[in-house]
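Beneath this line is the structure, given in C-alpha cells, with notes to follow.
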Amino acid sequence: MKKLLVFFLAVFLILFVNAQNNDLVWKVDSKKFSDTMYTINAKLLIPNGWHLYGANPNIEGLENVKINYQLENVFALNEISFNKKPEIISDALFENKSVNVFRKDIEVTQNIKITGFVPSSIKLNIAAFVGKEFELLPTSEKAIEVNLEGGKIIETNSLKLSTINIKNPLSQCGDKVVQSSLFTVFLLGILGGLIALLTPCVFPMIPVTVSFFTKRAPTKKQGIKNGFLYGLFILLIYVIASVPFHLIGNVQPEIFNNISTNPWLNVIFFAVFIFFSISFFGYFEITLPHGIAGKADSKSNLGSVAGIFFMALTLVIVSFSCTGVILGTLLVGTSSQGAWALTAGMAGFGVALGLPFALFAIFPNWLQSLPKSGGWLDTVKKVLAFVELALALKFLSNADLVMHWGLLKREVFIGLWLLISIGLVLYAFGILRLPHDYKGQKISIGRKILGVIGLVFAIYLAPGLTNTKYANLKLLSGFPPPFSNSIYSNNNIHDKGLEPNFINNYEAAIAKAKQENKPLLIDFTGWACVNCRKMEEQVWTEPEVYKFIKENFILVSLYVDDKEKLPVEKRIMNYKTVDGNTKDIITIGDKYATFESENFNQVSQPLYIILDNQERLLSYPIGATFNSKKYLKWLQCGVKTFTK
C-alpha cells in the first residue's frame with residue numbers, strides 16, 4: 001500500500017508540475033517594417049516565485065530564450081533582445097553560481113526576414129527555462145500561430161472529395177481491403193518469441209528458473225502456481241509495453257505509418273542492429289547498466305506474488321540484449337497497422353517466451369529432455385548475427401529511399417547481402433573463425449546443412465547484380481531497393497517504366513485523365529513498403545497487366561512516406577479532418593496520407609483506386625493482390641465501368 005501511495009503521489013506531482021508549466025503562456029504578435037521583414041514580440045507573465053533564465057553562457061546546458069520558426073524560409077536577423085535588464089541571483093540549482101534571470105513580466109523581440117512566399121501567418125515555438133527554488137522546467141513547447149500583416153492567404157482546397165462514395169462505387173468490382181488479421185500478427189509474435197527462446201540470453205534461464213520454483217515452493221501445487229504466474233507476468237509485461245502506442249494512435253490515423261517510415265528511426269535501428277550483430281559475433285558482451293537489472297533483481301527475492309513479478313521483469317530486462325532486435329523488427333513491421341496489431345504481436349511474443357516456464361513448472365520431468373546449453377547456442381548466436389547484419393541493411397535502405405540519399409542502390413544492397421551470405425557459408429563450414437572458435441572444431445551436421453542453404457541463397461542472389469531479366473529476384477521482392485533505384489538506370493527515381501502515363505502529382509494526373517478521356521489508377525504507395533515493391537515487380541511486370549495499365553489508364557503513384565516538403569504556398573496549416581482532428585500538412589507524404597485516409601478510410605499501402613475523370617469511384621479499392629489474373633480482372637472491370 002505504501003508503494004501504491006508513493007506511485008499515485010508521484011503521478012499527482014507530475015500532473016501538478018505540468019499544470020504549472022501550462023500556465024506559462026507566451027502572447028506573441030508581429031509588426032511589419034518592410035515587405036519581407038517583421039518584428040516578433042513575445043510577452044510572458046511569470047508567476048510569483050518563479051523566474052525566467054536569460055543568457056547564461058557560463059552555465060553549460062542552460063540555454064537562453066530562443067524562438068524557433070517552423071518555416072525554413074524565415075531567418076532571424078538578430079539575437080533575442082529583452083525589454084529590461086536581468087537580475088543576478090545565486091542559484092542553488094547550479095552550485096550557487098551567479099545567473100541572469102527575469103521576474104514578473106518580460107518581453108522579448110526579434111527581427112525576421114522571409115524569403116520567397118510570405119504567408120498570412122507562421123508558426124513558431126519559444127524555448128526557454130523557468131525555475132523556482134530547486135525546480136527547473138522548460139516552458140510550453142506548443143506551437144504558436146502569429147499573423148503577418150500583408151501576407152498572402154493560402155487557398156486550401158479540402159483534400160476530401162465530395163464525389164467519392166466509398167460504400168457505393170459505380171460497380172461492385174473488387175473486395176474490401178483486408179489487412180493481416182490480428183491473429184496472424186499474434187502468430188508472427190509467437191514465431192519471434194520462439195526464436196528468442198533459442199537465444200543465449202533466454203534458453204539457459206529455463207532450467208534454472210523452473211528449478212528455483214519447484215525446489216523453493218513448499219508444495220508441488222505451489223510450485224506449479226508460481227511457474228504459471230511467472231509465465232503470465234512475462235506476457236503482461238510485454239503487453240503493457242504496447243500501451244503507450246494506443247495513446248499515440250489517437251492523434252491521427254497514419255501516425256504508425258509515420259513511425260515505421262521515419263528515416264531517423266530506421267537509421268537508429270540500423271545502428272542498433274549493427275551493434276548487436278557485432279556483439280553476437282562474440283567481439284564483446286552487451287550488459288545493461290547494473291542499476292537497472294540490479295534493482296529489478298533485488299526485488300525478485302520477496303517470496304510473494306510481487307517477487308515473482310520482479311523475477312519476470314528481471315528476465316525481460318536482462319534478455320533484452322537478445323530480444324531487443326526481434327522486438328524492434330516487430331515494432332516496425334506492425335506499426336503501419338496500428339496499436340492493436342502491435343499489442344497482438346507483443347502478446348504473441350510474451351506467450352511464446354512465458355509459456356515454456358509455466359509448462360516446465362507443471363511438468364518438471366520435461367527438463368531432462370532439454371538439450372544442454374553449450375556450443376550449439378554459440379552457433380545460433382553467430383548465425384543470428386549474420387541475419388541481423390542483413391536486416392540492418394534493410395532499415396538503412398528504408399531511410400535511404402524515403403530521403404532520396406542514393407546511398408544504397410539496388411545492386412549495392414544485393415551485393416552486400418551476397419557478401420553476408422558468403423560469410424555465413426564460410427562460418428558454417430568452419431573456414432571463417434569468429435571469437436571462441438578454434439581450429440579443428442567439429443562441425444555438426446546441422447551446421448553443414450545451414451552452410452548449404454546459405455550457399456544456395458548466395459547463388460540465387462548473384463544474378464541480382466546484373467542488368468538482365470534474371471535480376472528480378474521475385475522471392476525477395478520488396479526487400480532490395482526497386483529497379484528504379486539501380487546503378488544501371490538513368491530514369492527518374494519515381495519512374496516505373498510506364499511513362500508517359502505515369503505521374504506523381506494527383507492534380508496533374510486528374511487533369512491528364514480529363515484531357516485524354518481515360519480513367520485514373522491511383523497507387524497509394526511508400527518508399528519503405530515491401531508489398532508495394534512486390535506488386536510492382538511480380539504483378540505489374542506481367543505482360544498482360546503491364547500492357548493493360550499502359551494503354552488504358554493514367555497512373556499516379558502517391559507516396560505517403562515522402563518526406564520532401566511542399567512549397568510554402570502549398571502547405572495546409574491546421575487542416576480539419578473528417579474525424580475532427582487538426583493537423584499540419586507540410587510534406588508530400590502528409591498530403592497524400594491524409595488524402596488516402598480522408599477519402600478511402602484506409603492508411604495501408606499498397607492501395608489501388610480507380611476513378612473516372614470526374615473523380616467518381618468506379619470500383620471498390622483493392623490492396624496487395626499477388627494473383628495477377630485477379631488483379632487484371634479488377635482493372636478490366638474498372639475500365640468497362642468507365643466506358644459505359
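Scope of the values below: all heavy atoms of this structure, side chains included, with no hydrogens, waters or symmetry mates. Position 1 is the first residue of the sequence; numbering continues from there.
With a 4.5 Å cut-off on side-chain heavy atoms, L191 and F349 do not count as touching. Residues K563 and N262 have side chains not in contact (no heavy-atom distance under 4.5 Å, counting atoms from C-beta outward). At least one side-chain heavy atom of V383 sits less than 4.5 Å from a side-chain heavy atom of L450. You'll find the side chain of I449 stays beyond 4.5 Å of the side chain of V452, heavy atoms only. Using a 4.5 Å cut-off on side-chain heavy atoms (C-beta onward), F281 and L389 make contact. The shortest distance between side-chain heavy atoms of H404 and D562 falls below 4.5 Å. Within the 4.5 Å cutoff, no side-chain heavy atoms of V402 are placed close to those of N266. No side-chain heavy atom of N531 sits less than 4.5 Å from a side-chain heavy atom of Q605.
Residues L432 and G423 come closest through the heavy atom pair CD2-O, 3.7 Å. Shown here for I414 and G464, the closest heavy-atom pair between the two residues is CD1-O, 3.7 Å. Residues G454 and S421 approach most closely at O-CB, 4.2 Å, considering heavy atoms. Nearest heavy atoms, F524 versus E596: CE2-CB, 3.5 Å. Across every non-hydrogen atom of L408 and N485, the tightest pair is O-ND2, 3.5 Å. Shortest non-hydrogen contact noted between L607 and P621 is CD1-CB, 3.9 Å.
With rounding to the nearest 0.5 Å, the separation of CD1 in I422 from CZ in F386 is 11.5 Å. Note that CD1 of I274 is 11.5 Å distant from CZ of F395, once rounded to the nearest 0.5 Å. Here the straight-line distance linking atom CZ of F233 with atom CG of L235 works out to 11.0 Å at 0.5 Å rounding. E544 CD to S628 OG: the interatomic distance, rounded to the nearest 0.5 Å, is 7.5 Å. The CD atom of E564 sits 12.5 Å away from atom OH of Y559, with the distance rounded to the nearest 0.5 Å. Distance CZ/R410 to OH/Y488: 11.0 Å, rounded to 0.5 Å.
The residues E72 and K565 are annotated as salt-bridged, a charged nitrogen and a carboxylate oxygen being separated by less than 4.0 angstrom.
Residues satisfying the side chain to side chain donor-acceptor pair (under 3.5 Å) criterion with T466, sequence neighbours excluded, are T468. Considering only residues two or more places apart in sequence or on other chains, T587 meets the side chain to side chain donor-acceptor pair (under 3.5 Å) condition with D590.
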- Message: Run L521 and I549 through side-chain contact (heavy atoms from CB on, under 4.5 Å) and show every step you take.
- Response: CA-CA 8 Å; L521 176 60; I549 292 176; 4.2 Å; yes

- Task: Apply the test side-chain contact (heavy atoms from CB on, under 4.5 Å) to residues W634 and T625: give CA-CA distance (whole Å), side-chain angles for both, the deciding distance (0.1 Å), then the verdict.
- Result: CA-CA 10 Å; W634 176 77; T625 307; over 6 Å; no

- Item | Stepwise side-chain contact (heavy atoms from CB on, under 4.5 Å) check, W527 with D400 | CA-CA 9 Å; W527 292 113; D400 181 53; over 6 Å; no

- side-chain contact (heavy atoms from CB on, under 4.5 Å) between L434 and Y427, worked out: CA-CA 8 Å; L434 296 169; Y427 166 73; 3.7 Å; yes

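Seen from the ring of F626, K534 counts as a face-on cation partner, given the 6.0 Å and 45° thresholds. The cationic group of R533 does not satisfy the cation-pi geometry with F483, failing either the under 6.0 Å distance to the six-membered ring centre or the 45° limit from the ring axis.
Using cut-offs of 30° and 60° on the angle between ring planes, the pair Y608 and W540 is tilted. By the 30° and 60° cut-offs, the orientation of the rings of F413 relative to W417 is tilted.
No donor-acceptor pair closer than 3.5 Å links the side chain of K550 to the backbone N or O of V545. Side-chain atoms of E388 come within 3.5 Å of backbone atoms of S277 as a donor-acceptor pair (strictly under, hydrogens ignored).
Checked options E537, E542, E536; the residue passing with K474 is E542 (criterion: salt bridge (charged side-chain N to carboxylate O under 4.0 Å, His left out)).
Heavy atoms of other residues, nucleotides or ligands lying less than 6.0 angstrom from CZ of F479 number 12 at most.
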